[in-house]
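These notes concern the structure reproduced below.
Just so we're clear, the structure is a prediction, and the values are computed from it rather than from any experiment.
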Amino acid sequence: MLSEGLGSQLIWLLMLVLVSLLFFWALASLLFKGWDFSWQDIVALYLDGGNFAGKGEHDLFRLIVTLFGLLLFSTLLISVFNNLFDNIVDAVRNGRRRYNLRDHVLILGAGKELLPILENLRLNYPAKTDIVIMTSSDAACLKERLSLEIGDSAFVSRLYFYQGERNVYQGLKSACAHKSSVIFIIGEDGEENHDSCNMESQKVISALCEEQALKGREKTPASIKCYVCLDSDTAIDVVQYDKSPVSTPRLLTDYIGSSDTAVEQLLVHSDFLPVLKEESSRYSHIVIIGCGEIADRVGIVAAHLSHYPRYSDGTMRKTLISFIGEGMRPWMNHLVSQKSNLFELCHYSYISPEGEIESIEPDERYGDFLDLEWEFIDADETSPMVRSYLSDCASSEQQAVSIVVCYDSQSRNEDALVHLPFELKDCKKGVFVQRRSEILLKAASCSMFGEVMLFGPGSDGYQNNFFPLRCQDGMKVNDIYEKAYGSGRDSQTAWYSICEAHKLSSIYCYEAIGLKKKCFEADTDAMKLYECEHRRWMAGVLLLGYRAMTPEEIERTRAEGKVKEMKAQFRHVDIVPFEDLPKEEQDKDKVLLDELL
C-alpha cells in the first residue's frame with residue numbers, strides 16, 4: 001500500500017502515524033500516571049529525534065517513540081514521496097495518468113492516419129490546443145516514435161498520451177471525450193476488428209455525451225466534431241446504406257474511408273487525371289497495377305471522378321479502368337459482386353494469363369449509357385503478355401494512359417515502378433507509399449522514369465488532405481441544394497441532417513469540379529456540361545448502392561407517384577441518359593454547376 005498509487009499511500013501513512021501517536025499517548029497515560037507525559041511530548045519525539053535528550057526519565061519508552069518517529073515520519077515519509085513521484089512519472093509515461101481537459105483534440109488510436117493528423121494539427125491548430133492520443137499499444141514507445149518522426153520536440157511536449165481501449169465507456173469518460181472539441185477515431189494498424197471497434201467507439205461516445213447532457217453537467221453543451229475512419233469496403237458500404245443520419249446534436253459525426261484520403265491525394269489534389277477536351281480524340285485509360293485494398297479504392301474513386309466531355313461528334317467518350325495482378329479472377333468476382341449495381345450497366349472483360357478475353361456486356365434491359373469500362377488482367381506486370389499490352393497502350397494515339405502502382409507491399413511497388421516498360425516513360429505514374437521511401441523519391445527525381453507522383457501516408461503533402469477539409473468541400477455542394485430545395489437551415493445543421501451516402505455524393509461532386517473546369521471551355525454549351533455531371537452522378541449513386549430501373553418500371557413508377565417509395569428501396573428512376581430525364585431533374589444539374597462554376 002505504501003509503494004503503490006498516485007497519492008493514496010500518503011493517506012495510509014498519515015493514518016498509521018496518527019494511530020501510533022494515539023497508541024503511545026494512551027500507553028504513556030497508563031504507565032506513567034504520576035508524570036506529565038502530554039501528547040505534545042509524543043509529537044515532539046516523533047518530529048525530531050533530538051528531543052530525546054533531556055530529563056532522562058522513562059528513556060526506554062521515549063527511545064521507542066523516537067525510533068518509531070524516525071521510521072514512520074522520516075524514513076517512510078521520504079520513501080513514500082519518492083514512490084509517489086516515481087509512480088506519477090511512470091503513470092504519465094505509460095499513459096495511465098488522466099487530466100481534466102476541456103475543448104481538446106482527442107485522437108483514439110495510433111494507426112497510419114495518426115502522423116498526418118498530427119502534422120496538420122501542428123501546422124494549422126492554435127498552439128494552446130491540448131491534444132490527447134489514446135492508444136491500446138505502448139504509450140511510452142509511441143511518444144518516443146513520434147518524437148523522432150515529427151522532429152518538433154516543442155509540439156510533442158504538448159501531447160498527452162493515454163493508454164486505454166477506445167470502445168470502453170469508463171476509459172472514454174476519463175479521457176473527457178464528452179468535453180473535447182474534435183475527436184478522430186482512427187484505431188490501430190493490423191486490428192482484426194478495426195472498423196467495428198471504431199464504429200462502437202463512436203456509439204459509446206455518443207451515449208456518453210447524451211448522458212452528460214441529461215445530467216446537466218454542461219451549462220451550454222457544445223457540438224463535438226467526430227471523424228470515424230473505416231478501412232474496409234464492407235464497412236463503408238454498410239454505412240452508406242443506412243438512410244438515417246448518424247449524428248446527434250452533441251456529436252456531429254462523419255465517416256471517412258481511410259484509403260480514400262490517400263487516393264484522393266492523387267486523383268483530386270494533383271494533375272494526375274488527363275485533361276481531355278471536346279475536340280480531343282483520346283479517352284482516359286487508368287491502369288491499376290495491384291489487387292488489394294488500395295487498388296480497389298483507386299478504381300472506385302476513379303469511377304466517381306473520371307468523366308469527360310463527349311467527342312465533338314456527340315459520341316460517348318468512355319473511361320477505361322484496367323486492373324493488373326496475379327490471381328485476378330476471384331478478386332474481380334469479389335469487386336463485381338460488391339458493386340453489381342454498377343457492373344450490370346458496364347462493359348467489362350477478363351483477360352486470362354494466356355491472353356484469352358472474356359467479355360461481359362451491359363444488361364440489355366437497361367441499355368448502354370454509362371461512360372465507364374473495365375478490364376481485369378490476370379497476370380503481374382512482369383509477364384511478357386502484360387508488358388506487351390502496356391507498350392501497346394502507351395503507343396496508342398487514342399489512349400491517355402495513367403499508371404497507378406498500388407500493391408499492399410511497398411517493396412513490391414518500388415520494384416514494379418522500376419521495371420515498367422520504357423514506352424511508359426511519358427505516361428503519368430502514381431505510386432502508393434505507406435511510409436517514406438528514399439528509393440521512390442530518387443526515382444521521382446530521375447528522368448529515367450518520367451513523371452512519378454507519390455501518394456499515401458509516406459508522401460509529402462498527405463496531411464494536407466485533412467478529414468475536416470474534405471467534409472467542408474461536401475458541405476459547399478450541400479449548401480447549394482439546401483438553398484435551392486431545402487428549408488433554409490444553416491450549413492452545419494443541413495450537413496449533419498443527411499445520411500452518409502448523400503454526404504459522399506456531395507464530396508465527390510465538389511472534387512470532380514476541378515477536372516470539369518479544365519476539360520470544358522468557357523464558351524461550351526452548358527447542356528453538355530450538365531450532361532457530363534449527370535453521368536458522374538449516375539456512377540456515384542450506383543456505387544453508393546442504388547440500382548437502375550427498366551424503362552417500363554420507370555414509366556410505371558412515375559405514373560403511380562412512387563418515386564420516393566422506390567428510392568427507399570434503393571431503386572432510382574433517374575439512372576437514365578440525360579436526355580431522358582424530366583426537365584426538373586435536368587435543372588438540378590444546372591442549379592448546382594452554375595453555382596459551383
Side-chain angles (χ1 to χ4, degrees), residues 105-109 111 113 117 166-169 172-173 175 177-187 193-214 221-261 300 466-479 481-482 486-487 489-510 540-541 543-546 567-570:
V105 176
L106 177 60
I107 305 173
L108 300 176
E113 297 86 6
I117 289 174
R166 64 188 182 279
N167 58 344
V168 175
Y169 176 90
L172 291 168
K173 185 176 181 181
H178 55 290
K179 298 180 182 179
S180 60
S181 59
V182 182
I183 300 175
F184 297 95
I185 307 177
I186 61 177
N193 206 30
H194 176 276
D195 290 351
S196 289
C197 193
N198 281 3
M199 294 169 72
E200 184 182 4
S201 177
Q202 186 273 341
K203 188 176 180 180
V204 174
I205 295 171
S206 181
L208 174 61
C209 291
E210 294 306 314
E211 177 190 272
Q212 295 301 309
L214 288 174
S223 296
I224 302 170
K225 296 288 184 66
C226 180
Y227 302 95
V228 185
C229 289
L230 302 176
D231 279 352
S232 69
D233 280 343
T234 301
I236 294 171
D237 286 343
V238 169
V239 167
Q240 291 170 175
Y241 298 157
D242 186 1
K243 288 292 188 179
S244 57
V246 70
S247 296
T248 65
R250 285 278 287 135
L251 193 67
L252 306 179
T253 302
D254 288 290
Y255 284 101
I256 307 290
S258 55
S259 299
D260 288 354
T261 58
I300 297 303
F466 201 35
F467 299 159
L469 299 178
R470 184 176 186 265
C471 295
Q472 288 171 19
D473 290 342
M475 291 174 74
K476 295 172 186 175
V477 173
N478 194 61
D479 287 347
Y481 281 121
E482 182 67 21
S487 56
R489 296 170 294 185
D490 64 89
S491 181
Q492 180 169 282
T493 301
W495 178 253
Y496 290 104
S497 298
I498 60 177
C499 63
E500 295 302 302
H502 292 168
K503 288 182 184 178
L504 195 57
S505 179
S506 295
I507 288 170
Y508 282 125
C509 176
Y510 187 87
V541 294
L543 288 167
L544 294 175
Y546 287 91
K567 283 183 183 180
Q569 300 175 26
F570 289 90

Indicate whether any N or O donor in one side chain lies under 3.5 Å from an N or O acceptor in the other, for [X] and [Y].
X	Y	result
Trp495	Asp254	yes
Glu211	Tyr169	yes
Asp490	Thr493	yes
Asn167	Ser201	no

Ignoring hydrogens and angles, tell me if any N or O in the side chain of [X] forms a donor-acceptor pair with the backbone of [Y] under 3.5 Å.
X	Y	result
Ser180	Val105	no
Glu482	Ser491	no
His194	Ile186	yes
Ser247	Thr253	yes
Asp195	Leu230	no

To the nearest 0.5 angstrom, please state how far the [atom1] atom of [X] sits from the [atom2] atom of [Y].
X	Y	atom1	atom2	value
Ile224	Ser181	CD1	OG	8.0 Å
Asp233	Gln240	CG	CD	9.0 Å
Ser206	Leu252	OG	CG	10.5 Å
Ile507	His502	CD1	NE2	13.0 Å
Leu504	Ile236	CG	CD1	8.5 Å

State, with a plain yes or no, whether a side-chain heavy atom of [X] is found less than 4.5 Å away from one of [Y].
X	Y	result
Val246	Val228	no
Gln212	Lys173	yes
Leu106	Leu108	yes
Tyr496	Pro245	no

Under 4.0 Å between a side-chain nitrogen and a carboxylate oxygen: does that hold for [X] and [Y]?
X	Y	answer
Asp473	Lys476	yes
Arg250	Glu210	no
Glu200	Lys203	no

Shortest non-hydrogen contact between [X] and [Y], atoms and distance:
X	Y	value
Tyr227	Pro468	OH-CB, 3.5 Å
Gly474	Ser506	O-CB, 3.4 Å
Tyr241	Leu544	CE2-O, 3.5 Å

Kindly write out the residues that satisfy side-chain hydrogen bond (donor to acceptor under 3.5 Å, both in side chains) with Ser244, not counting sequence neighbours, or none if the list is empty. Asp242
My understanding is that only residues two or more places apart in sequence, or in another chain, count here; which of them pass side-chain hydrogen bond (donor to acceptor under 3.5 Å, both in side chains) with Asn198? Arg166
Check the pair Tyr510 / Met475 against side chain to side chain contact (heavy atoms under 4.5 Å, CB included), numbers first and verdict last. CA-CA 9 Å; Tyr510 187 87; Met475 291 174 74; over 6 Å; no
The test is side chain to side chain contact (heavy atoms under 4.5 Å, CB included); show your working for Lys503 and Cys471 and say whether it passes. CA-CA 8 Å; Lys503 288 182 184 178; Cys471 295; over 6 Å; no
Run the numbers on Phe467 and Thr261 for side chain to side chain contact (heavy atoms under 4.5 Å, CB included), then give the verdict. CA-CA 8 Å; Phe467 299 159; Thr261 58; 3.4 Å; yes
Verdict with supporting geometry, Met199 and Tyr255, side chain to side chain contact (heavy atoms under 4.5 Å, CB included): CA-CA 9 Å; Met199 294 169 72; Tyr255 284 101; 4.0 Å; yes
Exactly one of Thr248, Ile185, Val182 should register a side chain to side chain contact (heavy atoms under 4.5 Å, CB included) with Cys226. Which one does? Ile185
